[in-house]
Amino acid sequence: MWELHSDLPREGPGNDAATERVVSMLPRRRYARILDAGCGPGMQTICLARCLDGDITAVDTHQPFLDELGRRTRAEHFEHRVQALDAPMESLPFDDSNFDLIWSEGAIYCIGFERGLKLWRRFLTPEGIVVVSELTWLRAGVPEEARRFWKQNYPGMSDIDGNVRRVFSAGYKPLATYVLPSDAWWTDYYDPLERRIDLLDERYRGDDDALAELRAARKEIELFRRFHDSYGYVFFAMERV
């Protein structure tokens, strides 16, 4: 699993243009303290550092991702503003009312959308902002093959209206939603991942367990290629109330 995903530009769909677009949709204020929860190798962390002038704490539990973020931080000369921390998203080691903005791209699913929002609420300053991207159904009448795949792999998946209801239930006021364009799944994520699968197919020829993992990853990519109009990542921006 780690060999399949290590050294990729991103650990999930997205790109700098999408991150910048969502930042531009936020209330105009200074975000002095920012948390990037589930930062992975940190492409969006660096983008946030370019867009905003606050200090950023980026957390993940996989040290190679944090090491890569450190390299990117030094290359961009943001080491005085970006701190990488090994910490789990479900038990963050921070005081209450510590952050003006909590950001999480393609990671909150690890602990559950509504559960994560409820857990993180106490870390926000009054009227603090949370932005997360969440795998979401985009239309009614989803093809059965896509619905069956994601019911098995992410049974908590909902549509936009369902996730907005969860936002209210978790104690927030929705501010904006933004559907990640389908092309943002490819350049920095699925394209390099597909090339990695091709490479590992050769390396692990004869290893049934490894090949099963690679087939599953390839199936996910092919599913999105065919049904990208049925589901995708949606950014949800919300304010603590």
Side-chain angles (χ1 to χ4, degrees), residues 10-14 18-19 22-23 25-27 29-40 42 44-45 48 52 54-62 65-66 69 82-138 150-180 231-241:
R10 297 183 65 97
E11 281 305 299
T19 300
V22 178
V23 168
M25 299 166 73
L26 301 181
R29 63 178 74 153
R30 182 162 191 265
Y31 300 96
R33 291 167 296 176
I34 302 163
L35 172 67
D36 185 2
C39 63
Q44 76 289 333
T45 316
L48 289 172
L52 302 168
D55 294 330
I56 302 173
T57 303
V59 303
D60 207 290
T61 57
H62 187 52
F65 289 161
L66 298 176
L69 171 59
V82 177
Q83 176 191 10
L85 180 66
D86 186 339
M89 293 190 296
E90 67 271 25
S91 54
L92 296 169
F94 304 117
D95 295 330
D96 291 357
S97 303
N98 199 61
F99 296 103
D100 304 299
L101 173 64
I102 296 177
W103 192 279
S104 184
E105 288 196 32
I108 197 171
Y109 77 92
C110 295
I111 58 174
F113 183 77
E114 188 172 352
R115 177 176 179 243
L117 296 181
K118 288 178 177 179
L119 286 173
W120 297 344
R121 187 177 181 277
R122 72 182 183 89
F123 299 117
L124 288 168
T125 56
E127 299 183 341
I129 303 292
V130 174
V131 176
V132 301
S133 64
E134 169 75 346
L135 191 63
T136 303
W137 297 118
L138 299 180
W150 287 113
K151 184 177 181 179
Q152 178 180 354
N153 289 278
Y154 190 31
M157 188 170 165
S158 185
D159 58 14
I160 291 176
D161 288 343
N163 283 333
V164 168
R165 288 192 293 271
R166 291 171 171 175
V167 167
F168 279 114
S169 178
Y172 299 87
K173 176 179 70 176
L175 298 177
T177 60
Y178 175 69
V179 179
L180 186 70
Y231 65 90
Y233 268 99
V234 179
F235 282 88
F236 295 88
M238 64 203 79
E239 183 177 58
R240 172 179 169 168
V241 295

Task: Ring centres under 6.0 angstrom apart (Phe236, Phe113) - done: yes

Given side chains that start at C-beta, do those of Leu101 and Leu52 come closer than 4.5 Å, heavy atoms only?
yes

Heavy-atom nearest pair, Leu69 first then Cys39, reads CD2-SG, 4.1 Å

Evaluate the criterion side chain to side chain contact (heavy atoms under 4.5 Å, CB included) for residue pair Ile111 and Trp120; output intermediate values, then yes/no. CA-CA 11 Å; Ile111 58 174; Trp120 297 344; 3.9 Å; yes

Is the shortest heavy-atom distance from the side chain of Val179 to the side chain of Tyr233 under 4.5 Å? no

Separation between OG (Ser158) and CZ (Arg166), nearest 0.5 Å, reads 4.5 Å

* Have Gln83 and Asp55 got a donor and an acceptor in their side chains that come within less than 3.5 Å? -> no

Sorted by chain and residue number, the side chain to side chain donor-acceptor pair (under 3.5 Å) partners of Arg240 (sequence neighbours excluded) come out as none

With side chains defined as the heavy atoms from C-beta onward, is the minimum distance between Tyr172 and Val130 less than 4.5 Å?
yes

Sequence neighbours excluded, the answer for side chain to side chain donor-acceptor pair (under 3.5 Å) partners of Thr136 is Asn163

Taken in chain and number order and not counting sequence neighbours, the residues that satisfy side chain to side chain donor-acceptor pair (under 3.5 Å) with Ser133 are none

- Item | Glu90 bridged to Lys118 by N-O distance under 4.0 Å | no

Taking only distance into account, with no hydrogens and no angle test, what donor-acceptor pairs under 3.5 Å do side-chain atoms of residues 102-110 form with protein atoms, sequence neighbours excluded?
| from | atom 1 | to | atom 2 | distance (Å) |
| --- | --- | --- | --- | --- |
| Trp103 | NE1 | Glu105 | OE2 | 3.0 |
| Ser104 | OG | Ala37 | O | 2.9 |
| Glu105 | OE1 | Arg10 | NH2 | 2.7 |
| Glu105 | OE2 | Thr19 | OG1 | 2.6 |

Side chains of Leu175 and Lys173 in contact at under 4.5 Å (non-hydrogen atoms)
yes

Query raised in the report: Quick one: does Leu119's side chain get under 4.5 Å of Met89's, heavy atoms only?
Result: no

Residues at least two apart in sequence or cross-chain that pass ring-ring contact (aromatic ring centres under 6.0 Å, His included) with Phe65, listed by chain then number, are Trp2, His62

Residues Ala170 and Leu117: closest non-hydrogen pair is CB-CB, 3.7 Å

Requested in this report: With side chain to side chain contact (heavy atoms under 4.5 Å, CB included) as the test, would you mind laying out the steps for Met238 and Val131 before giving the verdict?
Outcome: CA-CA 6 Å; Met238 64 203 79; Val131 176; over 6 Å; no

To the nearest 0.5 Å, atom CZ of Phe99 lies from atom CZ of Phe123 at 8.0 Å

Separation between CG (Leu85) and OG1 (Thr57), nearest 0.5 Å, reads 7.0 Å

dist Tyr31:OH -> Thr125:OG1 (nearest 0.5 Å) comes out at 9.5 Å

(Q) Looking at Asp159 and Gly162, would you say the former's side chain and the latter's main chain have a donor-acceptor pair under 3.5 Å? (A) yes

Discussion item. Is the shortest side-chain heavy-atom distance between Glu239 and Ile129 below 4.5 Å?
Written reply: yes

When rounded to the nearest 0.5 Å, the distance separating CG of Leu135 from CE of Met157 is 4.0 Å

Donor-acceptor contact present, side-chain Asp100 to main-chain Arg33, <3.5 Å: yes

Taken to the nearest 0.5 Å, the spacing of Thr177 OG1 from Glu134 CD works out to 13.5 Å

Any donor-acceptor N/O pair, Asp60 side chain to Leu66 backbone, under 3.5 Å = no

With sequence neighbours left out, the residues meeting side chain to side chain donor-acceptor pair (under 3.5 Å) with Arg122 are Asp96

message = Would you say that Leu92 contacts Val59 through its side chain, given a criterion of any heavy-atom pair below 4.5 Å between the two side chains?
response = yes

Discussion item. Contact between Val234 and Leu180 at the side-chain level, heavy atoms closer than 4.5 Å - yes or no?
Written reply: no

